[in-house]
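Down below is the structure, laid out as structure tokens.
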Amino acid sequence: MVSPDGRHRADLAVSGGQVVAVGDVGAHGRVIDASGLLVLPGMVDTHVHLMDPGPTEREDFPTGTAAAAARGVTTIVEHTHAHPVRRPEDLAEKRSHLVGRSNVDFGLAAHLWPEDIPGMAAMWEEGVTFFKMFTCTTHGVPGLDAASVNAALKTLAGFGGRALVHCEDESLTALAEKTLRESGRVDPVLLTEWRSREAELVAVAAVSVLALTSGAAVTLAHVSTPTAAGIVSTARHIGADLAAEACPQYFALDEDEVVERGSLRKFTPPARIRSEEERGLMWDTLRAGVYSHIATDHAPSTLDQKTQGDFWSAPFGLPGLDTTLPYFLDAALGGRIELEDLVGLYSDAPARRYGLFPEKGALQVGSDADFVLVDPEGRWEVRNEDIVSKAAWSPFTGRRFQGSIVATYLRGRLVAENGRPSDQRTGLFIPGRGVDRRGGRSIRV
Ligand SMILES: [Zn+2]
């Protein structure tokens, strides 16, 4: 069994969907023999877009959560830009739509429009996991300027809520877009000029400052470079409550892949790595503890959807739930990071950050029995035909990984085996911690 504190040989006793004992408990009831395998707590992926309800031709809850289960993710926090949750009735509608549609447990996040700031406390008490904010207008969600971010974070700090902020500066991306369009550019290299490093850095710096002055707990989404992470680190040292997401695409993919792969590398912020030295710096940053947790930013489209039309009209985003744990597991088994740190980054830390711990993110007595069996000697290659997401492709296709995810259990029940989900749809809604303010977090659909 692997936890952030170490690994040890132990029995895990499960009853009623929960862990009831850990240690030398002997054999009672049904026994799963995990000799030679690693037992990890289920991963907690807090940045996922499953488009349901919404543009379900790209993904839906059954397929997206089947991909999660197949590759060791047992809890997700979901939000869909094209069908945002802004008001209590939106959350109620989404929860009722999703009954019987999820293969893993899930929280739901709200999107924040500037005019919705006065309603934030009420939304928090309804049980959203966090508020998603953009600093630039993206995917149809309006960008918040510094004044709106400031107002939102002050409001959030007042009730101890959580925010996830997508940081790219609107004035820089808007001017770049205008200039690029006027010059007639349609080549994929425009992406790195449109969604520039400085646009991300300016917004990361501004949001970090406003997190500091407001006292709000803020997560910066998909921090793409060691420089951006350095700003986060500095702001933390002077007192800001900042978390920072590490996404696999900023470790694995290179900036110039967009030249050959075009819209299959259109996501934002885009891949930044230009050299092996820069890749090494990303891993150094992760090992140094600057990144607080791993998240996928799963935002899939099929190959057809990605490649219709010109580069400007192609949808942003990558599929990721099929490959995020495998990618970091391979890195851990290859010595890039400690396996204990991977469990910390992709299970314990996100669960703690969003108030889901210790039901999620741990295998201690009383935790939900969400666990993953891993064969550390297994080796396999990512193939499009094995991708469970509706995307049916992956930027990792062709890569060989060490570490096979043998089985995934959700609340004691087998939900996937050897990459094949059973699609039982037993996942439950897990409310955010705001429901505590209304007396009780036992609300599960
Ligand atoms: Zn996202």
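We count ligands from 1, going down the list as the structure has it; atoms in each ligand are counted the same way.
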* Asked: What N, O or S atom of Asp297 is found closest to the Zn ion (ligand 1)?
  ->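 Distance check against the Zn ion (ligand 1) picks out OD1 in Asp297.
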Would you call the rings of [X] and [Y] parallel, tilted or perpendicular, taking 30° and 60° as the class edges?
X	Y	answer
Trp283	Phe328	perpendicular
His166	His222	perpendicular
Phe396	Phe401	tilted

* To do: Indicate if the distance from the Zn ion (ligand 1) to the nearest N, O or S atom of His47 falls below 2.8 Å.
  =>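 Yes - counting backbone and side chain alike, His47 has an N, O or S atom under 2.8 Å.
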* Is the distance from the Zn ion (ligand 1) to the nearest N/O/S atom of His49 under 2.8 Å? ->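 So His49 does bind the Zn ion (ligand 1) by this criterion.
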* **Atom of Tyr250, atom of Ile273 and distance for their closest heavy-atom approach** =>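 The pair with the smallest heavy-atom distance is O-CD1, 3.1 Å.
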